[in-house]
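For reference, the structure discussed in these notes is given below.
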Amino acid sequence: MNNSPDKTKVTAIKDGPLMVEGNFTVKGVEGQVLSTMDKVFLCRCGKSANKPFCDGSHRNK
Ligand code: FES
């Protein structure tokens with residue numbers, strides 16, 4: 001059973017990642033599926049070692 005909302009929502013977290021919620025797929029540069037989860041956090045600081053996902057590195061000053 002899919003409990004994801006129909007719409008996908010993207011929320012910018014202050015000084016952090018983009019939180020994406022909904023029914024979506026994250027694909028890599030080769031088109032490979034990276035995630036089918038219904039909530040992910042995407043790095044927007046460029047410091048993550050696990051791009052495109054946030055790994056918490058944005059907290060390091
Ligand atoms: S936003 Fe969290 S590591 Fe970049």
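The structure presented is a predicted model; accordingly, all values stated were derived computationally and were not measured.
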Straight-line distance of Asp55 CG to Lys47 NZ, nearest 0.5 Å: 11.0 Å
From CE (Met37) to CD (Glu21), nearest 0.5 Å: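 Those atoms lie 11.5 Å apart.
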Heavy-atom check, side chain of His58 versus side chain of Asn60, under 4.5 Å: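 The answer is no; the side chains never approach within 4.5 Å.
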Any side-chain heavy-atom pair of Pro52 and Leu42 under 4.5 Å: yes
Which residues share a side chain to side chain contact (heavy atoms under 4.5 Å, CB included) with Ala12, sequence neighbours left out: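 With sequence neighbours excluded, Ala12 shows a side chain to side chain contact (heavy atoms under 4.5 Å, CB included) to Leu18, Arg44, given in chain and number order.
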Option among Cys54, Pro17, Ser35 that satisfies the side chain to side chain contact (heavy atoms under 4.5 Å, CB included) test with Val40: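 Result for side chain to side chain contact (heavy atoms under 4.5 Å, CB included) with Val40: Ser35.
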For Cys45 against Cys43, the heavy-atom pair lying closest together: N-SG, 3.4 Å
Do any side-chain atoms of residues 24-33 form donor-acceptor pairs under 3.5 angstrom with protein atoms, and if so which ones, sequence neighbours left out?
| unit_1 | atom_1 | unit_2 | atom_2 | d |
| --- | --- | --- | --- | --- |
| Gln32 | OE1 | Glu30 | N | 3.0 |

Flag, side chain of Lys51 to backbone of Gly46, donor-acceptor distance under 3.5 Å: yes
Under 3.5 Å donor-acceptor, Asp38 side chain and Gly22 backbone: no
Any residue meeting side-chain hydrogen bond (donor to acceptor under 3.5 Å, both in side chains) with Asn50, in chain and number order, not counting sequence neighbours: none
Common cluster, Phe53/Val10, ILVMFWY with side-chain heavy-atom separation under 4.5 Å: yes
